[in-house]
Amino acid sequence: MKNARIIGVGHYVPERVVTNHDLEKMMDTSDEWIRERTGIVTRHWVREGETITDLAYNATNMALERAGLKPEDIDFIIVASIAGDAQFPGNGCFLQARMEIPGVPAMDIRNACSGFVYALAVADKFIKTETYRNILVVGAEIQSTGLDLSTRGRDMAVLFGDGAGAAVVTATDEPDRGILTTHLHADGRYATKLWSEFPSVINHPYITHEIVDSDRIYPKMEGRYVFKHAVSKFPEAIMEALEATGYTVEDLDLVIPHQANQRITEAVAQKLGISMDKIVSNIHKYGNTTAASIPIAMSEAWEEGRIKDGDLICLAAFGAGFTWGSVLLRW
Ligand code: UT7
């Protein structure tokens, strides 16, 4: 049977750097609060005119180059994002057009912070069933334009950043190589604990001036509630992947978690008994880039030489839905 192996990773963040001090000028917050509660120091936000497709395309080019492949070698595209450059069609189609590979199927996944893990799981199954050979999996987000940048929205506004990460996943005949197992979960009972309600088609018409003028246009989160769930679901997802394959925490060379909050990452490390040097963290630079955070972290870890051939690596995510999951892979 074929296995699905990542052979190239890339990432891109917009040039504009927004510091905690910049946010202090927009809302009642402080560098100290943001650092202490989240670990975030800077994030990158798009300038007017930049699109999710731009970010995704730049990350894709880097991943393709590192994989030694050309756009025309890709036979399936999966893009995970919360938002879209347009209400429809999905970002995958815009990226495919930019890559100039008409006819190649493109699919979108809207599973928030777990989007990349879900997308990788889908890619794995298409490769295992020998449907496709080279799949491009992208996590790409623009969060900044949808945030309430007043004090009212400060709990969310300080957390999120824009960016994209990409992975080229290819079929290999090598046993015990590439993606070893994937585990996906959701619990829609908690959908409104972290969500963006509008624009919504349950309104007639689906967007009104009243809605735009209300604070309900912005994403909302019960932060502490989400935090508690994250701290228990990340370790559960990692342990599930280890148990399915007979490995233990000690066998792991690296954990690449979704970057939600440095305090969450540290709590997960402590719960599992993993030292922080085995966990990739870059939230201080980028904030929470939702579906893009894992592939950005993976690409940076690879650049820094922290990922070596044969390493056992666990990716884990938790986010809106609630959704969560893990991917265990042998690099
Ligand atoms: O991506 C996956 C999903 N997301 C997450 O996993 C995020 C999970 N949640 C969190 O990371 C944290 O809950 C936050 C970072 C969002 C908030 O940290 P917290 O320690 O849970 O703070 P809190 O919400 O309990 O708020 C504490 C205080 C409140 O003031 P009072 O009521 O104590 O007077 C807030 O109004 O901090 C206030 N606050 C702020 N102060 C300055 C909230 N946001 C800010 C802010 N700046 N940006």
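First listed ligand is number 1; within each ligand, the first listed atom is number 1. Only this structure's heavy atoms are used, side chains among them; waters, hydrogens and symmetry mates stay out.
Among all protein heavy atoms, the one lying closest to atom 6 (O) of ligand 1 is I264 CD1, 3.3 Å. Remark: minimum distance from atom 23 (P) of ligand 1 to any protein heavy atom is reached at R224 NE, 3.9 Å.
Using cut-offs of 30° and 60° for the angle between ring planes, the Y225 and Y190 rings count as tilted. Note: Y286 and H44 have tilted aromatic rings, judged against thresholds of 30 and 60 degrees for the angle between ring planes.
In terms of polar-atom proximity, defined here as any N/O pair under 3.5 Å, T29 does make such a contact with ligand 1.
When distances from atom 25 (O) of ligand 1 to the protein are checked, a heavy atom turns up under 4.0 Å.
We find that R306 and E300 are not joined by a salt bridge, their nearest charged nitrogen and carboxylate oxygen being 4.0 Å or further apart.
Within the 4.5 Å cutoff, side-chain heavy atoms of V268 are placed close to those of I238.
Per-residue contacts place R263 under 4.0 angstrom from the following atoms of ligand 1 (heavy atoms of the residue considered): 18 (O), 20 (O). Annotation for ligand 1: atoms under 4.0 Å from non-hydrogen atoms of T38 are 15 (C).
With a 4.0 Å heavy-atom cut-off, ligand 1 is reached by the backbone of D155 and by its side chain too.
Both tests do not hold together for K233 against F318: distance to the six-membered ring centre under 6.0 Å, angle to the ring axis within 45°.
Taking each of D28, T323, L194 in turn, the one with a heavy atom nearest to atom 3 (C) of ligand 1 proves to be L194.
Under 3.5 Å, the side chains of T129 and K2 contain no donor-acceptor pair of N or O atoms.
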